[in-house]
Amino acid sequence: CPWAAMAPRPKVKLKRSVVDRVAHVNANAGLPAPLRLGAVAGVLASLPEVDALAVLDAVVREIDPADPSADPTSLTCKLAAAKAAAEAAEAAAEPAQVAAGEEPAG
């Protein structure tokens, strides 16, 4: 993540299931490099648990284990940030829909 190099980082609290999934991915997915939990914790913690787990699953699907230049940590940050931005845009659209008398998406 671009902000991963900034110091000091505040402590974040991740759900145990997310921490366990990162450990499982690192041990079993055959990634070209391990996911660095400290670098992805902040962006994953900003998502609901189910979305954070889905991001990790997407990383496993999208990373080419045969590509030594592939960076699962950067991809995790990119996918999680995109998911957070999409959720923020959706949340911002809901009040406008309600004001217009439409049902909120969901």
Side-chain angles (χ1 to χ4, degrees):
C1 298
W3 56 87
M6 291 184 209
R9 279 183 269 170
K11 286 192 173 199
V12 296
K13 186 163 175 83
L14 279 173
K15 295 282 189 179
R16 171 57 52 193
S17 61
V18 176
V19 173
D20 289 347
R21 182 74 57 91
V22 169
H24 176 78
V25 165
N26 281 339
N28 300 302
L31 299 176
L35 274 168
R36 295 186 323 271
L37 184 59
V40 300
V43 71
L44 290 176
S46 71
L47 296 173
E49 179 180 11
V50 67
D51 290 339
L53 294 171
V55 164
L56 293 170
D57 290 342
V59 169
V60 171
R61 284 192 308 272
E62 292 185 26
I63 283 284
D64 179 3
D67 180 2
S69 67
D71 184 354
T73 298
S74 291
L75 180 58
T76 301
C77 290
K78 177 181 159 189
L79 295 176
K83 183 69 172 169
E87 288 182 1
E90 183 179 310
E94 285 184 14
Q97 290 173 342
V98 171
E102 298 175 21
E103 289 292 318

Heavy-atom side-chain contact between [X] and [Y] under 4.5 Å:
X: Leu35; Y: Thr76; value: yes
X: Leu44; Y: Leu56; value: yes
X: Leu14; Y: Val22; value: no

Spacing of Leu47 atom CG and Lys83 atom NZ [to the nearest 0.5 Å]: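 Those atoms lie 8.0 Å apart.
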Hey, what do you get for CG (Asp67) to CG (Leu31), rounding to the nearest 0.5 Å?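 Answer for the CG-CG pair, Asp67 versus Leu31, is 11.5 Å.
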Leu75, Leu79, Thr73, Val18 screened by side-chain contact (heavy atoms from CB on, under 4.5 Å) with Val40, the one that passes: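 Of Leu75, Leu79, Thr73, Val18, side-chain contact (heavy atoms from CB on, under 4.5 Å) with Val40 is met by Thr73 alone.
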Keeping to residues at least two apart or across chains, list the salt bridge (charged side-chain N to carboxylate O under 4.0 Å, His left out) pairs with something in residues 13-28.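 Only Arg16-Asp20, Arg21-Asp57 qualify under salt bridge (charged side-chain N to carboxylate O under 4.0 Å, His left out).
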Nearest atoms (heavy-atom pairs only) where [X] meets [Y]:
X: Ile63; Y: Pro32; value: CG2-CD, 3.5 Å
X: Gly30; Y: Pro65; value: O-CB, 3.1 Å
X: Ala66; Y: Pro68; value: O-CD, 3.1 Å

Under the rule for salt bridge (Lys or Arg N to Asp or Glu O under 4.0 Å), what residues qualify as partners of Asp71, not counting sequence neighbours?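 Asp71: no salt bridge (Lys or Arg N to Asp or Glu O under 4.0 Å) contacts found.
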